[in-house]
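Worksheet: one structure, shown below.
Residues take their numbers from the sequence shown, with the count starting at 1. In each ligand, atom 1 is the first atom listed, and ligand 1 is the first ligand listed.
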Amino acid sequence: MNSINPAAWRAFAAAIGKDQVMITEEDRNAYADHFAADESKHEPAGALAPASAEEVREIVRIANQYRVPLWPISRGKNFGYGGSAPVTRGAVVLDLSRMKKIEVDAATGTVLVEPGVGFFDLYDHLQSKGIPLWLSVPGNSWGSVAGNALDRGVGYTSYGDHASRICGLEVVLPDGDLVRTGMGAMDGSPNWTLYRNGFGPGWDTMFCQSNLGIVTKLGLWLMPEPEAVAGYDYEFDKPEDLGWAIDTLMPLRRDGLIQQSPSIGNWLRSAAVMTTREQWTKDDGPLDDKVVAAIRDRFKIGWWSVQVRFYGHLDVVEASMRVLDRAFDKKPIQSKKPALWKRGDPPEGSPVTGVPVSFPLANANWHGGRGGHVGYSPVLPPSGDLAMDQFKRTYALYQQYGMDYHASFAMGERSLTNVNQILYNKDDPAMMGRVDSMFRALVADASAHRYGEYRTHIDYMDLVADCYDFNDHALRRLNTRVKDALDPNGIIAPGKSGIWPKGKRP
Ligand code: ADP
């Protein structure tokens with residue numbers, strides 16, 4: 001599939017070199033979303049891999065001339081949300097993974113990264129230079145530091161809300177102009193990655209989950225290596241324990257004692273990463289209680305599990321542990337395992353200590369065949385009762401559609417993000433026939449309670465955007481007006497987050 005004007009391909013090749021213009025079938029396949037139920041819906045026309053912001057600007061000018069839709073990605077590892085593939089079939093992927101510059105300021109704990117810098121790259125850079133700064137990494141850390149923050153990805157340390165740690169961007173606008181936000185707007189400012197606001201309106205969040213520009217540099221705050229990390233891995237025996245566990249932790253999250261977002265998740269989180277379904281049962285349909293009990297027994301886990309961690313000075317961390325102990329005093333936990341890491345100990349090798357890992361991606365193998373998953377992630381108020389209610393309704397829908405329940409509730413400062421995965425086998429037509437209607441039923445259920453998703457797969461961006469309906473979708477009108485003003489030819493990521501250019505609106 002390639003409906004791009006051949007003259008445009010030639011112009012792109014002249015701008016960035018023909019080796020960086022990828023239009024064979026193999027190339028198109030490489031940039032497809034292999035987790036998508038129907039990959040062909042998102043097949044790109046090809047991909048371009050510029051090496052610098054100047055080359056990106058040149059590509060944007062050509063794209064405007066020939067009306068070529070571009071889909072910017074950093075490393076394209078956004079699995080479960082679309083990977084490297086565009087919303088619209090036939091768009092051209094703008095692959096920024098060759099742009100890998102890292103500028104760390106060890107003294108201030110900040111870094112300026114280009115989009116191609118992966119979590120492993122940055123980790124290796126800090127380790128090899130002995131710079132005592134820690135990353136916050138997502139569960140699967142193959143992706144890009146910048147791309148993950150721009151898509152509002154999360155991690156497990158106290159710097160886990162990645163978008164909130166962005167400080168300063170360099171952006172190629174849809175007309176090819178180049179801007180720097182915040183203090184970066186002052187040429188040569190030493191404060192670009194230090195002070196967010198700059199002067200006047202702030203634009204950093206405008207480029208998160210949006211299609212209003214192409215980010216070519218991103219400033220990010222990093223956590224100074226703490227003196228200690230301590231906490232507990234708690235296990236809870238019964239599904240009903242979710243409510244009181246959240247109500248025990250949330251006040252400590254809100255008052256600032258707990259600074260990371262503890263994520264309480266069910267037994268399938270471990271089982272799907274470490275094993276495959278056929279190791280437990282040959283039966284279709286939801287897993288029965290005996291299988292669930294066997295899984296829990298094997299991994300010594302509860303129905304729910306949560307890791308709580310404190311980061312910082314040893315004295316403070318130890319005092320925090322005492323407060324946590326008091327909060328859980330006499331609470332009916334199944335078990336708790338203490339964790340303690342002190343400066344000088346070898347790295348713990350886990351995302352809670354900022355070490356990148358990729359093994360959680362193995363959960364795509366749970367059902368066997370060509371595996372995949374799609375994420376369903378509504379946000380709700382931080383209440384145990386509401387979480388229990390949400391859990392029961394979602395669980396019932398998983399049962400109704402014969403799927404295995406895979407869920408977690410991440411505790412933000414003032415909200416819960418209920419991240420669910422629907423794991424599937426793309427080679428099982430009966431299963432695949434249920435996934436789409438199940439997903440739509442879940443979104444409708446959340447929306448009926450006025451909960452919206454924080455992020456979604458490229459198949460469902462319109463569906464989710466549609467739920468944000470105050471005043472007859474005033475937010476969409478605002479997004480569209482900004483889109484039209486900045487990108488009149490509609491060349492950047494049409495359809496991203498349900499924002500469409502003129503003439504393309506569904
Ligand atoms: P990761 O490799 O970290 O998973 P991706 O490169 O897949 O991240 O990016 C996730 C999404 O974020 C992309 O689909 C795109 O919509 C957006 N995005 C990523 N990088 C950029 C960028 N440099 N400029 C604008 N949007 C971006």
**Message:** Quick test: of every protein heavy atom, which one is nearest to atom 16 (O) of ligand 1, and how far off is it to 0.1 Å?
**Reply:**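 In this structure, atom 16 (O) of ligand 1 has Lys496 NZ, 2.8 Å as its nearest protein heavy atom.
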**Item:** Closest approach of any protein heavy atom to atom 22 (C) of ligand 1, naming residue and atom
**Value:**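 So the nearest neighbour among protein heavy atoms is Leu150 CD1, 3.6 Å.
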Compute the minimum heavy-atom distance from [X] to ligand 1 and say whether it is under 4.0 Å.
X: Gly213; answer: yes
X: Trp71; answer: yes
X: Ser210; answer: no
X: Gly76; answer: yes

If hydrogens are left out, which of [options] has an atom nearest to [atom], that is, the closest non-hydrogen atom?
atom: atom 4 (O) of ligand 1; options: Arg152, Arg455, Lys77, Lys217; answer: Lys77
atom: atom 13 (C) of ligand 1; options: Pro72, Gly147, Ser144; answer: Pro72
atom: atom 23 (N) of ligand 1; options: Val93, Val56, Leu70, Val215; answer: Val215

**Message:** Around atom CZ of Arg450, are there more than 12 heavy atoms from other residues, nucleotides or ligands closer than 6.0 Å?
**Reply:**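 It does: Arg450 CZ has more than 12 such atoms within range.
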**Prompt:** Should we count CD of Glu348 as having more than 12 external heavy atoms under 6.0 Å?
**Reply:**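 More than 12 within 6.0 Å, yes.
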**Asked** Between Glu114 and Lys100, is there a salt bridge with N-O shorter than 4.0 Å?
**Response** no
**Prompt:** Salt-bridged, Lys41 to Asp33, with N to O below 4.0 Å?
**Reply:** no
**Prompt:** Does some side-chain heavy atom of Asp105 sit less than 4.5 Å from a side-chain heavy atom of Thr193?
**Reply:** no
**Message:** Can you name the atoms of ligand 1, numbered from 1 with element, that are less than 4.0 Å from a heavy atom of Asn148?
**Reply:**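 Under 4.0 Å from Asn148, ligand 1 has these atoms: 3 (O).
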**Asked** Cut-off 3.5 Å, side chains only: do Tyr66 and Asn489 have a donor facing an acceptor?
**Response**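 No pair is found: no donor N or O on one side chain lies under 3.5 Å from an acceptor on the other.
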**Message:** Under a plain distance cut-off of 3.5 Å, with no hydrogens placed, do Ser158 and Arg309 share a side-chain donor-acceptor pair?
**Reply:**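 Side chains of Arg309 and Ser158: no pair found under 3.5 Å.
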**Request:** With heavy atoms under 4.0 Å as the rule, classify the contact between Gln209 and ligand 1 as side chain, backbone, both or neither.
**Result:**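 Contact part for Gln209 vs ligand 1: neither.
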